[in-house]
Each structure stands twice: as C-alpha cells, then as structure tokens.
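What follows is a set of notes on a single structure, which appears directly below.
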There are 2 protein chains.
Amino acid sequence: MLSQKTKYALKALLYLAQQDANHISKTTDIAEEANIPKKFLEQILLDLKRGHLVGSKQGKFGGYYLLKSKDEITLADIHRLFDGAIALLPCASLNFYERCSDCKSEDECLLRHGLMTIRDETLKAMQGITIASLVKK
Amino acid sequence: MLSQKTKYALKALLYLAQQDANHISKTTDIAEEANIPKKFLEQILLDLKRGHLVGSKQGKFGGYYLLKSKDEITLADIHRLFDGAIALLPCASLNFYERCSDCKSEDECLLRHGLMTIRDETLKAMQGITIASLVKK
DNA sequence: TTAATCTCTACTAGTTTAATAGAATTTATA
DNA sequence: TATAAATTCTATTAAACTAGTAGAGATTAA
C-alpha cells in the first residue's frame with residue numbers, strides 16, 4: 001500500500017501536470033486544490049525537488065513546476081522515492097537490496113525467486129503508469 | 001513490502017509443504033528449521049489456522065499440517081491474510097475497499113483507474129505464485 | 001496423572017507515519 | 001531599501017503499527 005505521503009505526492013504531481021507550460025504553482029494553491037495539509041505538502045514538494053522531479057523558484061511569485069516531462073515520471077519512480085522498494089522483500093529488490101538476516105542461504109531460499117518474478121511484473125506495470133497517462137484518463 | 005510476519009508465514013507454509021503427506025509438524029520444529037521466534041510463530045500459525053490454510057491437532061503429538069493443497073495456496077492469499085490489500089490504495093482494492101476521505105469525487109479521481117490497473121496485474125502475478133511453485137524451484 | 005502440545009490474552013519497546021510549528025532564506029517590486 | 005510573498009530547513013509530537021515476549025489455560029496421548 002502507498003503511504004499517505006506518496007498519495008499526496010502523486011496528487012501534487014497530477015496538479016502540476018495539468019497547468020500550462022511555464023506556469024509556476026504556489027504550494028498554497030496545490031494544497032487547496034488537491035486537499036493536502038499545506039505544511040505537509042511543503043515537505044513533500046521538497047522531497048520531489050530533491051528527487052529531481054520538480055523544480056522550484058524561490059521568493060515572491062515563486063513556486064513549483066514539473067522538471068521532468070510528465071510522460072517520463074512513472075509510478076515506479078514515485079514509489080521508490082517515497083515508499084522505497086517495489087519488491088516484496090529487500091532480498092528481491094533491485095534498488096534497495098539487503099540480505100535477509102534470518103535467511104540461511106540466499107541461493108537456497110525458496111522465496112526469493114518467486115518474489116523476484118513478482119517484482120519484475122509489478123515493476124513493469126508501475127513503469128507503464130506515468131503522470132501523463134493518469135492525466136489523460 | 002511484506003511484513004516480517006508475512007514472510008514468516010510463507011516460510012512456515014513452505015516447511016509444511018515439504019513434509020510427507022499426513023505428517024504433523026510441531027511449532028518447535030518449524031521455528032528451528034525456518035529460524036522464526038517460536039512464540040511469534042505460534043501466533044502466526046493460529047492466524048493461518050483461522051484463515052483455513054492449515055489445520056492443527058492439539059495435545060501431545062499434536063501440531064500443524066496444510067489444510068489446503070499446496071498448489072491452491074497463492075501468494076495473494078497469504079498477503080491478504082497478513083498484510084491486507086494488494087491494491088496500492090484502499091479505494092482501488094477488491095477485498096479491502098474503502099473510500100478516500102480526502103478525495104472529492106471517486107469518479108473524477110485521476111489516480112484510481114491507474115491503481116486498479118496495477119492491482120489487476122499485481123494480483124495476477126501473485127496468484128501465479130503458489131506454495132507448490134515455490135517448493136519446486 | 002503427567003508431559004507435550006496448541007490456544008488465548010495481555011503487555012511492551014521501538015519504529016514509523018502523518019502531521020504541526022516556527023524560524024531562516026530568497027526574491028520581486030514599490 | 002523595506003516589505004510582502006514565497007520556498008527552505010530543523011525540530012517536535014501524538015497516534016498507530018510492528019515485532020516480538022510472557023504466561024496461563026485447554027487439550028490430548030500414553
């Protein structure tokens with residue numbers, strides 16, 4: 001399941017994607033339109049900025065805008081940025097790999113292979129959903 | 001990601017699936033072999049029992065055994081039993097549906113459709129992984 | 001009757017989540 | 001240059017969740 005934070009991030013990106021090119025959106029406007037607590041949204045937008053998905057302009061008349069094209073931002077990207085691994089266990093993860101401490105041998109693990117299959121299919125599905133594809137629907 | 005509990009449940013089921021037919025396994029043996037804290041495993045086995053995946057025999061020489069055939073127990077079943085919804089948000093879930101409180105209109109929600117697509121694909125993948133398929137590998 | 005086992009309920013330390021608060025910094029413009 | 005409007009940064013917090021631990025009770029075989 002997505003965290004509330006990830007869901008808010010998606011809603012914020014959807015908002016930005018629906019603005020005219022070169023338009024800069026204030027946090028306040030996004031928060032109101034997408035129904036997100038403003039101070040929480042501030043943090044989320046900063047995270048999105050650090051993840052290079054949005055850019056910002058500081059000071060008066062500043063705000064946020066999409067940095068990457070909306071058809072280049074996938075659900076997989078956002079999931080990884082906020083909720084981490086897409087795989088069901090760290091030992092089956094591409095980007096967040098970690099060994100299981102309670103696992104005797106990774107090669108002999110009966111679970112890992114199945115979980116990697118799931119990961120591949122879920123990842124493919126999540127990479128197929130972009131901000132652009134969501135806006136179009 | 002799977003919780004530790006779900007992972008332990010899977011490991012316990014894999015252990016049970018590898019025993020001879022009609023064999024009854026003690027919690028202690030499963031805990032040792034699968035490297036699971038015994039008292040925690042007790043709770044997990046009870047949950048599996050309440051979920052009708054395993055059966056038990058009480059008293060001396062009692063223990064646990066698979067109730068359903070190992071090719072009928074899917075990763076989706078176990079996920080739902082312990083970690084709940086497979087969908088990424090409750091509003092896109094089949095078995096754990098819940099309306100989003102911060103969502104103005106479900107029909108107009110740009111997210112929901114995409115998340116239902118992911119759900120369908122993930123579910124299909126998870127239903128393709130059974131305890132039997134994991135043991136065979 | 002006893003030993004071995006499952007069953008049930010309660011408790012707990014630590015972590016994570018979803019915020020909230022407030023001060024600091026940056027920028028446009030009057 | 002002062003001010004207003006915005007982002008940026010750091011700290012705090014209440015509530016929920018996770019991963020166990022503890023112990024007593026019920027059941028069964030011998």
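Values below: all heavy atoms of this structure, side chains included; hydrogens, waters and symmetry mates excluded. Letters A, B, ... mirror the listed sequences (proteins, then strands); counts begin at 1.
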Apply salt bridge (Lys or Arg N to Asp or Glu O under 4.0 Å) to [X] and list each qualifying residue two or more places apart in sequence or on a separate chain.
X	answer
B/Lys39	B/Glu42
B/Lys11	A/Asp102
B/Asp47	B/Lys5, B/Arg50
B/Arg112	B/Glu106

Mind calculating the distance between [atom1] ([X]) and [atom2] ([N]) to the nearest angstrom?
X	N	atom1	atom2	value
A/Lys26	D/dA4	NZ	P	16 Å
A/Ile44	C/dT17	CD1	C1'	11 Å
A/Lys11	C/dA18	NZ	P	13 Å
A/Ile30	D/dT7	CD1	C1'	12 Å

Do [X] and [Y] have side-chain N/O donor and acceptor atoms under 3.5 Å apart?
X	Y	value
A/Ser105	A/Asp107	no
B/Thr130	B/Asp71	no
A/Thr117	A/Asp120	no

At 4.0 Å (heavy atoms only), tell me whether B/Thr27 reaches a base, stays on the sugar-phosphate, or touches nothing.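 B/Thr27: backbone/sugar contact only, no base atoms under 4.0 Å.
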Tell me, for nucleotides 18-23 of chain D in 5' to 3' order, what letter each nucleotide earns: B for a base near a protein heavy atom under 4.0 Å, S for only sugar-phosphate near one, - for neither? -SBBBB
For residues 46-69 of chain A, which residues have at least one heavy atom under 4.0 Å from DNA chain D?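 Heavy-atom cutoff 4.0 Å gives A/Leu46, A/Lys49, A/Arg50, A/Ser56, A/Lys57, A/Gln58, A/Gly59, A/Lys60, A/Gly62, A/Gly63, A/Tyr64.
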Under a 4.5 Å side-chain heavy-atom rule over Ile, Leu, Val, Met, Phe, Trp and Tyr, are A/Ile78 and A/Tyr65 clustered together? no
